[in-house]
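Right, one structure below, let's go through it.
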Amino acid sequence: MVSSLIVKDMSGIGRNYIEVEKLADYIFPMYNVRFIALNYGVDSEKRG
C-alpha cells in the first residue's frame with residue numbers, strides 16, 4: 001500500500017496535465033495517498 005507519492009514536478013507522474021490533475025484531485029484522495037510535487041509546492045495534505 002502506498003501512503004505518499006513524492007515527485008520533483010508534476011511531469012513525474014504524467015505528461016497530460018488534465019490527467020495529472022485528475023489523479024491529484026480525485027484519485028489520490030480517494031485512496032488516502034498524500035501527493036507532493038516539490039517544484040510546484042503541491043502537498044495534498046495542506047489542501048483545504
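Both backbone and side-chain heavy atoms feed into the values below; hydrogens, waters and symmetry mates do not. This chain uses plain numbering: 1 for the first residue, then up along the sequence.
Of the inter-residue distances, the one linking F35 atom CZ with I6 atom CD1 reads 10.0 Å to the nearest 0.5 angstrom. With rounding to the nearest 0.5 angstrom, the CG atom of L23 is 9.0 Å from the CE atom of M10. To the nearest 0.5 angstrom, R34 atom CZ is 4.0 Å from D43 atom CG. Expressed to the nearest 0.5 Å, how far OG of S4 lies from CD1 of I36 amounts to 6.0 Å. Here CG of D25 is found 12.5 Å from CE of M30. Values are rounded to the nearest 0.5 Å. Within the model, atoms CG of L5 and OG of S44 stand 9.5 Å from one another, a figure rounded to the nearest 0.5 Å.
Annotation: side chain of Y40 is not in contact with side chain of K8 (no heavy-atom distance under 4.5 Å).
Residues I18 and V42 do not share a hydrophobic cluster, defined by chaining ILVMFWY side chains whose heavy atoms lie under 4.5 Å apart. Linking Ile, Leu, Val, Met, Phe, Trp and Tyr residues whenever their side-chain heavy atoms come within less than 4.5 Å places V2 and Y31 in a single cluster.
A24 and P29 get closest at one heavy-atom pair: O-CD, 3.5 Å.
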